[in-house]
Asker: 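Dropping the structure in here first, questions after.
Reminder, nothing fancy here: chain letters follow the sequence lines and each chain counts from 1.
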There are 2 protein chains.
Amino acid sequence: MPAMRPRTPPDDVLERLTAHCRESGMKVTPQRIAVYRAVAGSCAHPTPDEVFHEVRADMPSLSLATVYKTFDCLVELGLIARVANDGSTHRYDANLEPHHHLVCGSCDSITDFTDAGLSRLRLPRNLDGFAPEKVSVQVIGTCEDCQDDLR
Amino acid sequence: MPAMRPRTPPDDVLERLTAHCRESGMKVTPQRIAVYRAVAGSCAHPTPDEVFHEVRADMPSLSLATVYKTFDCLVELGLIARVANDGSTHRYDANLEPHHHLVCGSCDSITDFTDAGLSRLRLPRNLDGFAPEKVSVQVIGTCEDCQDDLR
DNA sequence: CTATCTGCAAAAACTTTGCTTACCC
DNA sequence: GGGTAAGCAAAGTTTTTGCAGATAG
C-alpha cells in the first residue's frame, strides 16, 4: 500500500538550513528561513509567487526578487529541488527522499507518493551510455477532487 | 534491452494532421503542417523558439505567435503533448506511444526510451482516490556526451 | 463566401540583474 | 568591520491576446 506524504515535518528545518548555510559560508537570514519553511511546510510544490504571497503575510517587506534568489540558493545548498512540470512557472519541492508524483491532468496538482514496489524498479541494463542517478515515476491521471467535480 | 527511439517517422504525419483537423473543424494550414513536421521529426523535445527558427528558414513569414497558437492547437487535437521539464520554457513531444525519459542533469537534454520491463510497472492499488491514466518514468542522470566532457 | 487562421504589435506573465542600503557573522 | 544579502526598479525572457487582413474549405 502506498504512503501519501502529509508534509515535511517542521522539525529540524531551521537546523538543516543553518548547517548547510554555515558549510557554504552563506548567511541565515529571516527571509531564507521563512521561504524554506514555506516550501518545507507545503505538499503542493509551490511556485515562487505562491511562496511570496504566503510569506509576505508575515513579512511585508519581502520582495519577489528575494524569493527567486532564495530558491536558487536553497537549490544550490541541496535543500530543495525544482520539480519538472509542464506549466509555465517554476515549482519547488523540499521533499528530497526518493518519491514519485501523481499529476492531475485536470487541475495540474502534483501530489507526492512513495511505494516500496516502485522503489525497487529495475532499469534496463543498457541505456546507450546514459549514467542513471535516480528515478522518478510520474503517474498522470485525475485526482479525487477533480473526479468529484465531474459528477 | 531498451529501444532508443530514433525519431517519429515522417510517414503519415500529414494524414494524421488532416484527419484530426477535419474531425474538429480546424483548418490544415501550411504553418500547422510545418510546425507539426518539425516536432514529429525531432527527438529533442523542442521549444517553441527552436521550432520557430527551424521552420522560419523555409517559411520566412512565420511568426512566433503562430507557433505558440499552433502548439496549443496540436495539443488540443491530441497530436503532441507538452513535456514536463524543470526549465523555463515549454517543450513538446510528438511521440505519443508510452515511453520514458532519460533526463541529463548536466545539459538538460531529454531522450526517449522504452522498455518492456518498465511498461509492465505495477502501480500501488490505493492511490488515495487518484485515477491513474498513464505512467512515465524519468531517469535523471548524465548522458554519454556530458560524461565524455568531464574527462 | 465565411469561419477560421495568420502576422503583427502590444500586453501580460515570469525571471534575472544591478545597485544601494541593511544586516548576519 | 567586512562581506553577504535584501529590496527596489529596470531589463530580459517567455507566453498570451486582440485585431485587421488573408485563406482554407
Asker: Quick one: closest heavy-atom pair of A:C143 and A:C107, and the distance?
Answerer: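 Where A:C143 meets A:C107 most closely, the heavy atoms are SG-SG, 3.9 Å.
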Asker: Specify the residues of residues 51-70 of chain A, ordered by number, for which at least one heavy atom lies under 4.0 angstrom from an atom of DNA chain D.
Answerer: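 Residues of residues 51-70 of chain A under 4.0 Å from DNA chain D: A:S61, A:L62, A:S63, A:A65, A:T66, A:K69.
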Asker: At under 4.0 Å, does any side-chain N or O of A:Q31 touch on OP1 or OP2 of C:dC23?
Answerer: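 Result: no.
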Asker: What's the shortest heavy-atom distance between A:F113 and B:P124, and which atoms?
Answerer: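 Shortest heavy-atom separation between A:F113 and B:P124 comes out as CE1-CG, 4.0 Å.
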Asker: Check this one for me: any side-chain N or O of A:H90 less than 4.0 Å away from OP1 or OP2 of C:dT15?
Answerer: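 For C:dT15, OP1 or OP2 has a side-chain N or O of A:H90 closer than 4.0 Å.
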Asker: For A:E133, does the CD atom sit with more than 12 other heavy atoms under 6.0 Å from it, leaving out its own atoms?
Answerer: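 Yes - once you tally the heavy atoms of other residues, nucleotides and ligands closer than 6.0 Å, there are more than 12.
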Asker: Within the side chain of A:D12, is there an N or O that forms a donor-acceptor pair under 3.5 Å with the backbone of A:E15?
Answerer: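 Pair absent, no side-chain N/O of A:D12 close to backbone of A:E15.
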Asker: Search all heavy atoms of A:Q138 against all heavy atoms of B:A84 and return the closest pair with its distance.
Answerer: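 It is NE2-CB, 4.5 Å.
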Asker: In whole angstrom, give the distance that lies between atom CD of A:E23 and atom C1' of C:dC25.
Answerer: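 About 17 Å, once rounded to whole Å.
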Asker: Between which nucleotides of DNA chain D, 5' to 3', does chain A make heavy-atom contacts below 4.0 Å?
Answerer: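 Both ends considered, the range comes out as D:dG2 to D:dA9.
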Asker: Any side-chain to backbone donor/acceptor pair from B:R91 onto B:A44? Under 3.5 Å, distance only.
Answerer: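 Yes; judged by distance alone, with no hydrogens or angles, the pair exists.
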Asker: For B:P30 and A:S88, find the nucleotide of DNA chain D closest to each by heavy atoms; which residue's nucleotide sits nearer the 5' end?
Answerer: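 Nearest nucleotide further toward 5': that of A:S88.
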Asker: Hey, is the main chain of B:S63 close enough, under 3.5 Å, to the side chain of B:R56 for a donor-acceptor pair?
Answerer: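 No, B:R56 side chain to B:S63 backbone: no donor-acceptor pair under 3.5 Å.
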Asker: Counting distance only, does the side-chain N/O of A:H45 pair as donor-acceptor with the main-chain N or O of A:Y92 below 3.5 Å?
Answerer: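 Here the side-chain-to-backbone pair does not exist.
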